[in-house]
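Following: one structure in structure tokens, then a few remarks.
Worth saying up front: this structure is predicted, and the values here are computed from it rather than measured. Just follow the structure's listing: the first ligand is 1, and inside any ligand the first atom is 1.
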Amino acid sequence: MTTPTLLILPGDGIGPEVMAEVRRIIDWYGEKRGMAFEVSEDLVGGAAYDAHGTPLHDDTMARAQEADAVLLGAVGGPKYDDLDFSVKPERGLLRLRKEMDLYANLRPAQCFDALADFSSLKREVVAGLDIVIVRELTSGIYFGEPRGIITEGNERVGINTQRYTESEIDRVARSAFELARRRSNKVCSMEKANVMESGILWREVVQEVHDKDYPDVELSHMYADAGAMQLCRWPKQFDVIVTDNLFGDLLSDAAAMLTGSLGMLPSASLGAPMANGRPKALYEPVHGSAPDIAGQGLANPIACILSFAMALRYSFDAGEEADRLEAAVEKVLADGLRTADLIGEDGSTPVSTTAMGTAVLAALDDSL
Ligand code: NAD
């Protein structure tokens, strides 16, 4: 078997700091679990612009297309704010997502027991929460034509178009059903079939894919507005939620905040299966480059560490090792370790980015 390849793109701001902790964890898996990865590193975002005058060099793009998984830190920063739109750091990330055709965005909302009090909801509503929102990422109203601002008579009109083809719905529905089979085998599909034709088609296609190829998975449908209410009322009723680009944008941000800090949230963006059966995949923390704390050792590396756990599970078929890493994070939090973003009003002393990484490594050692 060939050694799986992992392309690491630390990016800007706190990206390199949190990625350094992930590198130590990858090394740990090599040394202690015999899991070899062919790891290579490259530039993205402002760092790539500084070196090459573009936020993503063509060679890096080609390497990303070849890699079994790409792990990205974060891009952006005030230094690049005045650059032309075409070379802004974020364009590097958008190019990766577009050219890899990453159509399924997985955003877990997982609430570690030790952090349940960070949520704005009651502890009993969120403690132990573990759901994933699968958001369609490459179509829908953010891309549909016609779009623009036109003038009609004596006033301006803003236009965006919600448009979904059967095949676009089909493939993201499959991603959700495949994911559900690795979890609790339950999918809730959300749209607005009561008022939108694209919602009627969405519901029909999701049901057809289910009946034809995933009859073993429990499927329900919910209007997205009702879904938003249910997410706040009793989120633990869900396992996998699949929804379109716009509703997924809103619902995944709302669900993420059920769990507390931005420094804790991982994500995965998956595309079509490659020749080796693995999906094209980009893993990244939800947070940005946090220029306000960059270079000070204050960043929480857990979102990036949990993104690597997702890579273990979805790209490298190592679900048990992903469980091990998530359990190590859970243990460290239960032991009371907190980076600055997780410190409440109690005045306790925060630990540094490196100390948090070291504690996760120690917990991994303890798991053996
Ligand atoms: P941000 O996520 O970088 O930061 C928001 C707040 O959360 C800041 O106070 C920051 O200190 C804190 N924070 C974020 N991650 C943290 C972590 N791991 N540990 C501790 N605290 C953390 O969002 P922003 O400030 O709106 O954007 C800053 C830059 O990042 C901008 O250039 C923006 O374009 C870019 N950005 C990039 C991505 C990405 O790379 N995917 C996503 C969002 C924003």
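- Those atoms of ligand 1 that come under 4.0 Å of a heavy atom in Glu284, given as number and element, are 41 (N).
- The shortest N or O to N or O distance between Leu72 and ligand 1 is not below 3.5 Å.
- Checked by atom type, the side-chain pair Tyr164/Glu136 shows a donor-acceptor distance below 3.5 Å.
- Checked against the 6.0 Å centroid criterion, the rings of Phe37 and Phe316 qualify as a close aromatic pair.
- A 4.5 Å side-chain heavy-atom check between Glu326 and Arg313 finds at least one atom pair inside the cut-off.
- When Leu93, Leu9, Leu94 are checked for heavy-atom proximity to atom 41 (N) of ligand 1, Leu93 turns out nearest.
- For atom 11 (O) of ligand 1, the nearest protein heavy atom lies under 4.0 Å away.
- In terms of polar-atom proximity, defined here as any N/O pair under 3.5 Å, Ala290 does make such a contact with ligand 1.
- Interface atoms of ligand 1 facing Glu90, defined by a heavy-atom separation under 4.0 Å, are 32 (O), 33 (C), 34 (O), 35 (C).
- No continuous path of hydrophobic side-chain contacts links Ile26 to Val70 [ILVMFWY only; heavy atoms under 4.5 Å].
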- Message: Quick one, Gln65 with Glu99, criterion side-chain hydrogen bond (donor to acceptor under 3.5 Å, both in side chains). Give me CA distance, side-chain angles, the key distance, then yes/no.
- Response: CA-CA 8 Å; Gln65 295 282 23; Glu99 293 193 20; 4.7 Å; no
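- Atoms of ligand 1 found under 4.0 Å from any heavy atom of Gly76, numbered from 1 in the order shown, are 32 (O).
- For Gly77, a nitrogen or oxygen atom sits less than 3.5 Å from a nitrogen or oxygen atom of ligand 1, counting backbone and side chain alike.
- In terms of polar-atom proximity, Arg97 is not counted as a contact of ligand 1, lacking any N or O under 3.5 Å from an N or O of the ligand.
- For atom 22 (C) of ligand 1, the candidate residues are Leu262, Asn300, Ile293; the nearest heavy-atom contact is made by Ile293.
- Distance screen at 4.0 Å: atom 24 (P) of ligand 1 has no protein heavy-atom neighbour inside the cut-off.
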- Task: Kindly indicate, with the supporting measurements, whether the criterion side-chain hydrogen bond (donor to acceptor under 3.5 Å, both in side chains) is fulfilled by Arg203 and Ser189.
- Result: CA-CA 7 Å; Arg203 187 175 284 222; Ser189 170; over 6 Å; no
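- Any N or O atom pair closer than 3.5 Å counts here, and Gly288 shares at least one such pair with ligand 1.
- Protein heavy atom at the shortest distance from atom 8 (C) of ligand 1 is Asp292 OD2, 3.4 Å.
- Remark: ligand 1 atoms within the under-4.0 Å shell around heavy atoms of Ala74 are 40 (O).
- Close contacts of ligand 1 with Ala299, meaning ligand atoms under 4.0 Å from a residue heavy atom, involve 19 (N).
- Every atom of ligand 1 is numbered from 1 in the order shown, and the set under 4.0 Å from a heavy atom of Gly263 is 17 (C), 18 (N).
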